Amino acid sequence: MRRTLRWLLSLVVLIGTVAVAAPATATAADTTSTDIKDRLLAVPGMSLIEEKPYSGYRYFVLNYTQPIDHRHPSQGTFQQRITVLHKDVSRPTVMFTSGYNVSTNPSRSEPTRIVDGNQVSVEYRFFTPSRPQPADWSKLDIWQAAGDQHRIYQALKPIYGRNWLTTGGSKGGMTATYYERFYPRDMDGVVAYVAPNDVVDKEDSAHDRFLATVGPKDCRIALQKVQRETLVRRDALEKKYQEYLAANDYTVNTVGSLDKAYEATVLDLVWGFWQYQPESACADVPDAATVSDQALFDYVDEIGGWSSYADQGLERYTPYYYQAGTQLGSPDIEQPWLGDLSRYGYQPPRNFVPRSIPMTFQPWAMRDVDTWVRQHATRMLYVYGADDPWGAERFRLGAGARDAYVMTAPHANHGANVAALNADDKALATERILAWAGLSGATAQASYDAKLDRPDTAHALKLRP
């Protein structure tokens with residue numbers, strides 16, 4: 001992946017540990033307690049940040065001590081933030097990660113609702129505050145992150161003894177896959193949503209073919225015209241961009257210039273539209289020939305976010321761009337309709353990480369995972385959206401896969417889920433999730449809760465997996 005699409009209309013709230021004077025820690029007496037908080041805090045290395053009340057559940061925000069390097073655990077530790085949505089130790093447990101920061105407000109992934117279970121949510125290493133100090137970036141890789149999940153599972157399995165599933169969307173779906181690849185005996189099932197799989201970083205033509213056919217043709221053409229017009233009016237709109245940056249005290253030192261940051265945002269537009277907008281939003285695409293400068297500027301902001309390439313927008317996602325440029329890869333799309341209007345093309349992840357952080361790409365990392373999935377995937381479900389550009393390069397199953405599935409939700413985007421599948425696929429997916437959770441024959445699921453089951457907008461509203 002040469003460059004990942006960014007959208008910092010992000011609602012991610014990096015909630016810290018405010019309102020807690022000091023972490024609570026376990027005592028020896030806690031090991032015999034039946035109270036779930038006491039049992040959690042009896043786990044060596046576990047400490048409490050806060051407990052938040054929620055009807056029908058206990059909800060805890062916790063820190064867990066992890067080694068910086070799982071190969072050399074004596075060489076220092078860091079505090080990894082996790083949350084536990086506790087229902088009952090007799091229910092299955094779902095381990096969830098977005099691959100980014102963890103939300104500190106109670107929420108429930110789709111598999112958690114399907115199995116009516118507990119949920120352990122994990123913040124990905126190096127996303128603040130779960131970052132070692134000082135930060136040795138060479139310790140940010142998919143194997144080390146899988147080691148984090150493995151240790152959390154080992155620590156909590158004695159408490160939550162029923163079946164475990166792991167899940168996540170986008171980079172979280174990738175994370176669930178990598179965890180299964182390195183620790184295939186931990187989980188009883190994997191549900192990975194819209195997980196990109198960039199096996200060969202230098203070959204991204206699948207994305208170009210996808211963008212040439214996705215959605216209604218007139219909508220594709222209208223978006224391309226808006227994108228071209230935004231580059232044609234570069235001089236006028238860059239003045240607005242400069243005013244926008246100044247008004248928000250934003251800088252663009254990492255990317256290197258206002259012009260490069262401006263173009264990077266514009267080049268995200270088409271991909272960004274199909275990633276998160278429904279087909280019905282085609283009606284809202286402005287007429288490029290008649291739209292005013294301000295309306296054009298506002299539309300690009302709505303779809304892509306002008307803060308995306310400011311230093312202040314990039315900073316919290318440095319761990320993502322680092323991984324995209326060292327292991328995960330990043331798409332490089334051609335966008336031939338722009339012609340010579342583009343000065344820089346799709347910029348690589350290296351442009352979005354401070355130069356003080358060294359990066360070397362490892363082309364074998366994704367090939368290894370892809371080969372493993374094709375040959376060994378067992379009790380794994382992949383769900384993709386038919387309109388989602390990230391699904392152009394997806395995980396596929398080979399002859400060695402067992403009880404594993406790849407399903408596509410029609411007309412769905414990067415928010416595709418089991419509920420969006422056609423009726424037959426939805427029934428099969430639900431049945432397999434329940435079976436993997438040890439609930440064969442069960443049909444009842446937890447009732448929908450508007451707060452717990454709201455879409456993950458904290459992660460969704462940005463153009464990256």
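What you are looking at is a predicted structure, and each value in this text was computed from that prediction instead of being measured.
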TODO: Give a yes-or-no answer on whether the side chains of Thr251 and Gln312 include a donor-acceptor pair shorter than 3.5 Å.
DONE: yes

Open item on the list: If you define the side chain from C-beta out and look only at heavy atoms, does anything of Val115 sit under 4.5 Å from Leu439?
Closed with: yes

Open item on the list: Does the plane of the ring in Trp390 sit parallel, tilted or perpendicular to the ring in Trp271? Use 30° and 60° as the thresholds.
Closed with: perpendicular

Task: Residue pair Arg209 / Ser205, side-chain donor-acceptor N/O under 3.5 Å - done: yes

Open item on the list: Can you pull out every salt bridge (charged side-chain N to carboxylate O under 4.0 Å, His left out) where at least one residue sits in residues 430-441? Sequence neighbours excluded, please.
Closed with: Asp403-Arg432

Task: Minimum-distance pair of heavy atoms, taken over all atoms of Gly329 and Phe361 - done: N-CE1, 3.8 Å

- [ ] Please check if any side-chain donor atom of Glu110 sits under 3.5 Å from a side-chain acceptor atom of Thr112, or the reverse.
- [x] no

- [ ] Answer with yes or no whether the side chains of Gln80 and Asn63 bring together a donor and an acceptor at under 3.5 Å.
- [x] no

Task: Polar contact flag, side-chain donor to acceptor under 3.5 angstrom, Asn101-Tyr317 - done: no

- [ ] Assess Arg131 against Phe126: is NZ or CZ under 6.0 Å from the centre of the six-membered ring, and within 45 degrees of the ring's axis?
- [x] no

- [ ] Identify whether NZ of Lys or CZ of Arg in Arg367 sits under 6.0 Å from the centre of the six-membered ring of Trp372 and within 45° of that ring's axis.
- [x] no

Open item on the list: Going by the rule ring-ring contact (aromatic ring centres under 6.0 Å, His included), which residues pair with Tyr299 if we only count those two or more places apart in sequence or in a different chain?
Closed with: none

Task: Ring center gap for Tyr382 and Phe395 short of 6.0 angstrom - done: yes

Task: Gln75 versus Asp69, side-chain donor and acceptor atoms under 3.5 Å - done: no

- [ ] Would you indicate whether the side-chain heavy atoms of Met174 and Leu328 approach each other to under 4.5 Å?
- [x] yes

- [ ] Write down the atom of Pro132, the atom of Ser130, and the distance for their closest heavy-atom approach.
- [x] CD-O, 4.1 Å

- [ ] Indicate yes or no: at least one non-hydrogen side-chain atom of Met407 is less than 4.5 angstrom from one of Leu428.
- [x] yes

- [ ] Assign the ring pair His86 / Tyr160 to parallel, tilted or perpendicular, where the plane angle (0 to 90°) is split at 30° and 60°.
- [x] tilted

- [ ] Decide salt bridge (Lys or Arg N to Asp or Glu O under 4.0 Å) for Arg39 and Asp35; before the verdict, give the C-alpha distance in whole Å, the side-chain angles of both, and the deciding distance to 0.1 Å.
- [x] CA-CA 6 Å; Arg39 297 186 68 184; Asp35 183 79; over 6 Å; no

Task: Minimum side-chain heavy-atom gap Lys139-His70 below 4.5 Å - done: no

Task: Crowding at NZ, Lys157 (>12 non-hydrogen neighbours, <6.0 Å) - done: yes

Task: Tyr57 six-ring centre to Lys87 NZ/CZ under 6.0 Å and within 45° of normal - done: yes

- [ ] For Arg58 and Asp88, run salt bridge (Lys or Arg N to Asp or Glu O under 4.0 Å): C-alpha distance rounded to whole Å, both residues' side-chain angles, the deciding distance at 0.1 Å, then the answer.
- [x] CA-CA 9 Å; Arg58 299 280 296 279; Asp88 195 297; over 6 Å; no

Task: Minimum heavy-atom distance Pro92-Ala437, with the two atoms named - done: CG-O, 3.5 Å

Open item on the list: Contact between Ile333 and Asp204 at the side-chain level, heavy atoms closer than 4.5 Å - yes or no?
Closed with: no

Open item on the list: Quick one, Pro319 and Trp137 - any side-chain contact, counting heavy atoms below 4.5 Å?
Closed with: yes

Task: pair Ile82-Met46: side-chain heavy atoms closer than 4.5 Å - done: yes

- [ ] Measure from the side-chain N and O atoms of Thr265 to the backbone N and O of Ala261, and report whether any donor-acceptor pair falls under 3.5 Å.
- [x] yes

Open item on the list: When you compare the side chain of Thr83 with that of Gln119, does any pair of heavy atoms fall below 4.5 Å?
Closed with: no

Open item on the list: Check Asp449 with Arg454, please: is the shortest side-chain N to carboxylate O separation under 4.0 Å?
Closed with: no

Open item on the list: Less than 6.0 angstrom from the centroid, inside 45 degrees of the normal: does Lys37 satisfy that with respect to the ring of Phe60?
Closed with: no

Task: From Phe78, Tyr322, Tyr100, Tyr320, residue fulfilling ring-ring contact (aromatic ring centres under 6.0 Å, His included) relative to Phe127 - done: Tyr100

